[in-house]
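Note that the coordinates shown come from a computational prediction; the quantities given were computed from them, not determined experimentally. Protein chains get the first letters and strands the later ones, always in sequence-line order, with residue 1 at the start of each.
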4 protein chains.
Amino acid sequence: MRIQPDDVAASIQRDIGAEVFAVYGADRDTFYGHVQAVLKTRPTIVVDDGAGLTTTIHNDHAELLTDVIGGTEVTSTGVLRIKNMADDGALRYPVFPTNDAATKHLFDNRYGTGQNTIDGILRATNMLLAGSTFVVVGYGWCGRGVAMRARGMGANVIVVEVDPVRALEAVLDGLTVMPMSRAAEHGDIFVTVTGNRDVVTIEHMRKMKDGAVVANSGHFDIEIGVEDLRKEAEQVTELRPNCVEYRLPVGNRILLLAEGRLVGQSAAEAHPAEVMDMTFATQALALEHLVANAASLPAGVHGIPKDIENRVAKAKLDAYGVEIEELSDQQKRYLTDWRVGT
Amino acid sequence: MRIQPDDVAASIQRDIGAEVFAVYGADRDTFYGHVQAVLKTRPTIVVDDGAGLTTTIHNDHAELLTDVIGGTEVTSTGVLRIKNMADDGALRYPVFPTNDAATKHLFDNRYGTGQNTIDGILRATNMLLAGSTFVVVGYGWCGRGVAMRARGMGANVIVVEVDPVRALEAVLDGLTVMPMSRAAEHGDIFVTVTGNRDVVTIEHMRKMKDGAVVANSGHFDIEIGVEDLRKEAEQVTELRPNCVEYRLPVGNRILLLAEGRLVGQSAAEAHPAEVMDMTFATQALALEHLVANAASLPAGVHGIPKDIENRVAKAKLDAYGVEIEELSDQQKRYLTDWRVGT
Amino acid sequence: MRIQPDDVAASIQRDIGAEVFAVYGADRDTFYGHVQAVLKTRPTIVVDDGAGLTTTIHNDHAELLTDVIGGTEVTSTGVLRIKNMADDGALRYPVFPTNDAATKHLFDNRYGTGQNTIDGILRATNMLLAGSTFVVVGYGWCGRGVAMRARGMGANVIVVEVDPVRALEAVLDGLTVMPMSRAAEHGDIFVTVTGNRDVVTIEHMRKMKDGAVVANSGHFDIEIGVEDLRKEAEQVTELRPNCVEYRLPVGNRILLLAEGRLVGQSAAEAHPAEVMDMTFATQALALEHLVANAASLPAGVHGIPKDIENRVAKAKLDAYGVEIEELSDQQKRYLTDWRVGT
Amino acid sequence: MRIQPDDVAASIQRDIGAEVFAVYGADRDTFYGHVQAVLKTRPTIVVDDGAGLTTTIHNDHAELLTDVIGGTEVTSTGVLRIKNMADDGALRYPVFPTNDAATKHLFDNRYGTGQNTIDGILRATNMLLAGSTFVVVGYGWCGRGVAMRARGMGANVIVVEVDPVRALEAVLDGLTVMPMSRAAEHGDIFVTVTGNRDVVTIEHMRKMKDGAVVANSGHFDIEIGVEDLRKEAEQVTELRPNCVEYRLPVGNRILLLAEGRLVGQSAAEAHPAEVMDMTFATQALALEHLVANAASLPAGVHGIPKDIENRVAKAKLDAYGVEIEELSDQQKRYLTDWRVGT
């Protein structure tokens with residue numbers, strides 16, 4: 001019954017006729033080792049998760065580009081990379097950014113990461129979240145999922161954010177907003193969800209309360225200054241699975257979860273099947289669309305067609321047994337015909 | 001101290017050197033009467049609120065088009081109209097859709113409409129919201145603002161929505177989703193926030209509980225079948241200001257608030273100054289941008305420049321005394337340089 | 001349709017055969033003037049609201065005691081007074097503390113005061129609550145009602161409390177807890193709900209942000225240091241009805257709502273009928289019980305019989321159309337017969 | 001670092017000089033086997049958890065009564081039993097109902113059970129809670145803890161309750177209330193928290209959706225009709241640890257978690273240390289009080305002294321670094337001296 005997301009992805013892709021190879025790797029080095037291995041298969045379709053395949057192909061294996069029809073990219077951070085490539089005129093095949101689909105980021109990032117981050121922290125620590133000061137670093141879709149769930153479990157939530165519009169949303173959502181250097185002193189639990197690097201640094205960790213818990217639920221294990229923490233720690237003790245205590249020379253102890261890798265994947269079981277289904281369905285339909293239209297699609301980033309999103313959302317509503325309202329013809333006309341006035 | 005949004009808008013616009021004429025009108029007919037009057041001034045900049053000016057100019061006063069440099073449009077529904085015009089190739093001047101700015105729709109629509117709808121209902125009825133079944137028709141930014149606040153006041157919220165992705169978000173937000181024909185039987189309070197017409201019809205109202213409250217917080221007073229209600233009612237009693245009871249032949253009484261006009265504007269005091277400031281600031285800066293770039297802007301819908309949004313959001317954060325995190329150079333590079341991998 | 005709680009109370013009491021006199025008074029002095037007036041009627045049943053009648057009878061009009069069968073007391077603060085009297089052996093007739101009934105304090109204090117406090121603040125200020133720092137002074141049933149609703153409207157809530165157990169509940173409810181002297185510097189809005197005096201003093205108000213809003217939703221207008229504020233203010237301006245700005249010599253302006261009287265009663269419309277019905281029903285049935293058992297009830301504080309609470313709660317559930325579960329005989333036996341083990 | 005509640009309890013008790021024996025047992029039969037074994041030690045102090053020791057002593061081992069000084073009882077259900085015994089005049093030694101202490105039931109039952117129930121369900125199923133219909137059977141302190149957290153995780157919560165006052169609170173908390181026979185058809189997840197037996201029966205389970213999850217977080221494994229489920233199932237499959245699927249002849253599959261034992265203890269790790277500390281501290285101080293006052297305490301149920309609760313709550317606030325407000329002498333006088341009026 002335990003659904004293995006990767007198996008599901010593979011089986012969906014097999015259904016559309018592809019030979020499938022997968023890249024696994026819990027940390028950055030292992031991951032890139034496997035990327036190199038899988039590229040030896042000379043892929044024609046690149047189903048990317050973090051842009052590791054696409055950047056490696058473009059950086060180091062231009063000889064593979066002739067075989068590649070195109071691909072998809074499923075994470076926020078990966079889509080950012082692909083768009084940067086496109087902006088630089090470097091992207092050499094069409095990519096559908098699955099993450100940009102509402103049926104992906106509004107659900108997987110928010111409800112999926114929201115839940116599995118809480119789940120990972122509970123399994124790794126069995127701490128009481130109610131009454132804790134819970135710092136969420138990054139208020140994108142993942143970050144607001146985590147913030148929403150942390151508050152739902154009774155935590156007092158602080159948000160750290162670099163984007164002024166998102167920071168302002170956090171304020172108006174009733175949360176406390178401050179820079180990381182100040183949040184470092186207040187938090188009991190810290191979760192990074194930025195897709196950036198060096199978000200929680202050793203300087204921050206030196207200021208934290210004794211026993212502060214630090215976890216990552218964003219992109220790679222470089223969001224937290226794990227290497228510096230390891231170097232500086234005077235004593236390292238594994239307290240529980242996925243929970244290692246680092247005693248710093250300044251005297252405080254930092255509890256790092258899952259070595260800074262994604263806590264919801266490492267200490268819990270990643271996204272529940274009920275969100276992965278939407279993400280994979282969106283991705284599979286985008287691939288089908290890619291293959292069907294390969295001849296006419298230029299290199300670059302292409303939006304997921306809205307009818308794919310609607311098809312996935314409708315199928316999911318059916319699964320929930322939820323019926324929605326329908327527009328009458330008159331209402332459709334009212335929404336589209338500007339000549340009738342408003 | 002009571003800030004008059006229109007005065008603020010006018011004064012901001014005066015500051016940038018414009019002669020200002022305004023259109024007021026609580027219902028559709030009055031409004032369009034005033035539109036005709038103000039168009040006599042031969043406007044050069046059209047600051048629209050619902051697309052009434054722009055559609056009227058294009059439909060009935062093409063002679064004015066030569067004078068118009070361009071304009072802005074501030075509501076969701078108005079932006080939809082303008083985009084329909086652009087899609088039809090009919091739009092003849094550049095328009096900045098203020099509503100599309102994050103600094104407008106994420107704040108004004110959500111937090112502003114959310115609060116003033118609750119406020120309007122309380123002033124018009126003094127009902128206890130806790131324990132009530134509160135039906136929100138439309139789960140756009142306004143609708144989710146209303147749903148969030150209704151739940152925050154203790155109501156049990158039902159959402160009616162036509163878009164499958166939005167409906168699914170409502171489900172995953174823990175709300176109950178159903179079509180209007182079924183919601184009609186369950187609700188104690190109904191609020192329309194769709195920008196469409198005939199959303200709550202006389203057929204729905206006949207099915208409602210005795211004493212059901214019906215209000216609009218969307219676009220015009222045509223979201224609710226007010227005319228049919230008036231025609232069919234056997235007895236009409238004004239219970240309180242902005243709260244009129246209509247007794248239907250089937251025996252139930254419907255309490256219509258503010259005659260179906262925007263309940264937060266009619267029964268309460270519209271948006272608080274703390275959200276209007278952001279909307280007006282965004283609009284004023286968009287107008288400044290329009291005037292500065294008039295020569296080079298083609299007819300059509302143009303996005304609000306991101307730096308305008310950031311400037312407004314930063315000013316607002318300053319007003320709250322909130323300091324945010326800043327990206328280091330290394331972090332900026334990590335976010336933009338795809339060559340370093342991910 | 002606007003229900004006058006006092007009229008309802010009077011009519012209920014008339015239904016049980018009593019001649020009814022009522023005491024009104026928005027501030028403490030007026031109130032006590034009316035108390036003296038009503039005592040001239042030589043009451044036989046004392047339906048008290050804040051213990052003003054009972055304390056005045058015992059303090060100043062012992063000659064009335066022979067006529068009094070007993071009474072009820074409806075507020076938290078009044079019940080505290082009556083219990084202090086009983087503890088001192090001073091209470092000379094039986095009193096049923098309506099406020100102690102679950103059907104009163106769990107509903108009226110929490111959901112009623114919670115909503116009407118928000119309502120009063122909105123009508124008096126039209127401020128945006130989302131994003132505001134909202135200080136609730138007192139975390140009893142009224143205070144947690146106010147805190148719950150302030151959070152539900154998007155505020156960031158700080159609680160000030162003297163009782164360690166209640167303070168700890170506030171912490172575990174995810175709220176921020178601190179003493180008033182520190183909260184004074186952080187709040188945008190302050191609401192007192194303590195039943196005590198001098199809870200927000202002029203010393204606190206001198207420290208507040210410019211434009212801070214101060215309101216009372218607890219007991220009398222002595223929770224806030226209103227007199228000191230008036231004395232010290234250099235300039236006093238009525239900004240809106242129920243919203244007066246006091247400019248202090250230190251430079252900041254304090255916006256006092258409703259002159260420190262109950263903001264939900266003065267600036268809004270007191271409790272909605274949907275909670276007053278429960279309170280009055282509980283009170284009326286307690287009076288019926290008092291009269292029926294007058295001969296055998298000693299002086300002192302008597303609990304409201306549990307079957308009165310159940311009767312009121314069941315009637316209310318019926319009004320909501322809500323059906324609840326029933327215990328089987330076997331389940332009742334399991335709950336009461338300890339001999340079967342557990 | 002993983003704190004074993006039983007070890008903590010034992011060590012606290014050892015600190016106050018007692019020889020300690022403990023009773024363990026995951027299901028009812030094992031538990032009572034161990035009760036018999038531990039009673040052979042002829043206990044002098046009975047630290048009970050569910051009233052199993054006290055009822056067994058009184059039912060079957062009256063010869064032990066002469067040795068027993070008194071005891072404590074820590075669960076809601078156990079306290080109910082002890083009070084039933086006292087009401088029947090059967091209780092033969094003094095018992096302090098730890099559960100009645102605010103420092104126990106307001107924290108342990110609500111925040112502890114609330115969190116560990118969610119944790120147990122996630123570990124046993126990895127289901128997405130957002131969007132699920134989550135039925136909480138029982139709205140006592142445990143039940144409202146579970147309901148609060150389920151809603152906090154995005155579920156749509158239905159409450160089943162037999163007490164009209166509690167049912168009405170659930171309604172005003174914005175939740176849906178209905179009898180179990182109807183809830184059975186709507187729920188995706190069912191959690192019993194009643195302390196009663198046969199709360200979810202085989203008749204209910206036959207009506208449930210295919211794939212419905214059933215768990216207990218109340219008292220013993222008799223809240224759910226587990227035996228009937230086992231008898232009637234045509235096929236039984238262990239899907240995951242603590243998650244067994246029973247296929248019923250009517251065609252639907254029921255996923256029973258932890259065989260109906262406490263899901264938060266069996267599938268997760270019971271209460272976090274941050275709530276057990278309060279419960280054990282309250283219990284230890286009650287025992288100290290019992291021993292110190294043994295000579296003068298009659299048989300019966302005795303309230304935990306308020307100063308014990310305050311001491312525990314203050315120590316806990318200190319641990320959180322939270323400072324609270326203090327009453328001035330004048331304020332204390334105002335609260336206690338009824339002669340000054342109100």
Side-chain angles (χ1 to χ4, degrees), chain C residues 32 50-52 55-56 58-59 77-78 80-82 84-85 88 90 102-103 106-107 111 137 160-165 167-169 171-172 177-180 182 195-199 219-220 309-310 313-314 316-317 320 322-328 330-331 334-339 341-342, chain D residues 32 50-52 55-56 59 77-78 80-82 84-85 88 90 102-103 106-107 110-111 137 160-165 167-169 171-172 177-180 182 195-199 219-220 309-310 313-314 316-317 320 322-328 330-331 334-339 341-342:
Chain C
Y32 277 99
T55 56
T56 306
H58 283 74
N59 279 330
T77 309
L80 184 61
R81 288 288 174 284
I82 303 285
N84 290 340
M85 292 177 71
D88 286 1
T103 41
L106 292 182
F107 298 89
Y111 307 108
V137 191
V160 175
E161 174 57 69
V162 296
D163 179 88
V165 172
L168 197 50
E169 282 184 274
V171 170
L172 293 198
V177 175
M178 58 178 71
M180 188 59 215
R182 279 177 47 217
N196 208 328
R197 57 178 299 156
D198 304 315
V199 167
H219 186 54
F220 263 122
E309 299 194 29
N310 283 345
K314 275 180 189 157
K316 188 73 183 176
L317 286 165
Y320 274 111
V322 170
E323 200 186 339
I324 66 173
E325 182 68 358
E326 284 187 27
L327 292 174
S328 67
Q330 196 190 20
Q331 287 179 319
Y334 181 76
L335 288 183
T336 51
D337 186 359
W338 56 272
R339 283 179 197 81
T342 72
Chain D
Y32 277 100
T55 55
T56 306
N59 278 331
T77 310
L80 184 63
R81 289 287 174 284
I82 303 285
N84 289 341
M85 292 176 71
D88 286 3
T103 42
L106 293 182
F107 298 89
R110 187 164 37 160
Y111 307 108
V137 191
V160 175
E161 175 55 71
V162 295
D163 180 87
V165 172
L168 197 50
E169 283 183 274
V171 170
L172 293 199
V177 175
M178 57 178 71
M180 189 58 217
R182 278 177 48 217
N196 207 327
R197 58 177 301 155
D198 305 315
V199 167
H219 186 55
F220 263 122
E309 297 194 32
N310 283 344
K314 275 180 190 158
K316 188 73 183 177
L317 285 166
Y320 274 112
V322 170
E323 200 187 338
I324 66 173
E325 182 67 358
E326 285 187 25
L327 291 174
S328 68
Q330 196 190 20
Q331 288 179 318
Y334 181 75
L335 288 182
T336 51
D337 186 0
W338 56 271
R339 283 179 197 82
T342 72

Most chain D-contacting option - heavy-atom pairs closer than 4.5 Å, from [options]:
options                        : value
C:R197, C:M180, C:K316, C:M178 : C:R197
C:N196, C:N84, C:T56           : C:N196
C:V171, C:T336, C:L327, C:L335 : C:L335
C:Q330, C:H58, C:E326          : C:Q330

Which portion of [X] sits near chain D, non-hydrogen atoms under 4.5 angstrom:
X      : result
C:V199 : both
C:Q331 : both
C:L106 : side chain

- [ ] Sort out for me which of D:D198, D:L168, D:T103, D:L80 touches chain C most, counting heavy-atom pairs under 4.5 Å.
- [x]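 The option with the most such pairs is D:L168.
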
Task: Among D:I82, D:D88, D:V160, D:V137, residue most engaged with chain C (heavy-atom pairs, under 4.5 Å) - done: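 Looking at each option in turn, the highest pair count goes to D:D88.
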
- [ ] State whether the side chain of D:D163 and the backbone N or O of D:V165 hold a donor-acceptor pair below 3.5 Å, judged by distance alone.
- [x]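 Yes, because the side chain of D:D163 sits within donor-acceptor range (under 3.5 Å) of the backbone of D:V165.
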
Task: Heavy-atom donor-acceptor pair, C:E325 side chain to D:V162 backbone, under 3.5 Å - done: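 Side chain of C:E325 to backbone of D:V162, a donor-acceptor pair under 3.5 Å: no, none is there.
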
Open item on the list: Under the rule for side-chain contact (heavy atoms from CB on, under 4.5 Å), what residues qualify as partners of C:I324, not counting sequence neighbours?
Closed with: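 By the side-chain contact (heavy atoms from CB on, under 4.5 Å) rule, C:I324 matches C:L317, C:V322, D:P164, D:A167, D:V177.
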
Open item on the list: For a quick test of reading the model, state the closest non-hydrogen atom pair linking C:R81 to C:A51 and the distance between them.
Closed with: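 Nearest heavy atoms, C:R81 then C:A51: CB-CB, 3.8 Å.
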
Task: Distance (rounded to the nearest 0.5 Å) between C:Y320 OH and D:L172 CG - done: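 Going from OH on C:Y320 over to CG on D:L172, the span is 4.5 Å.
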
Task: By salt bridge (charged side-chain N to carboxylate O under 4.0 Å, His left out) - contacts of D:R110 (at least two apart) - done: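 Applying salt bridge (charged side-chain N to carboxylate O under 4.0 Å, His left out) to D:R110 gives C:E169.
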
TODO: Select one option (side chain, backbone, both, neither) describing which atoms of D:E161 are under 4.5 Å from chain C's heavy atoms.
DONE: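 Only the backbone of D:E161 comes within 4.5 Å of chain C.
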
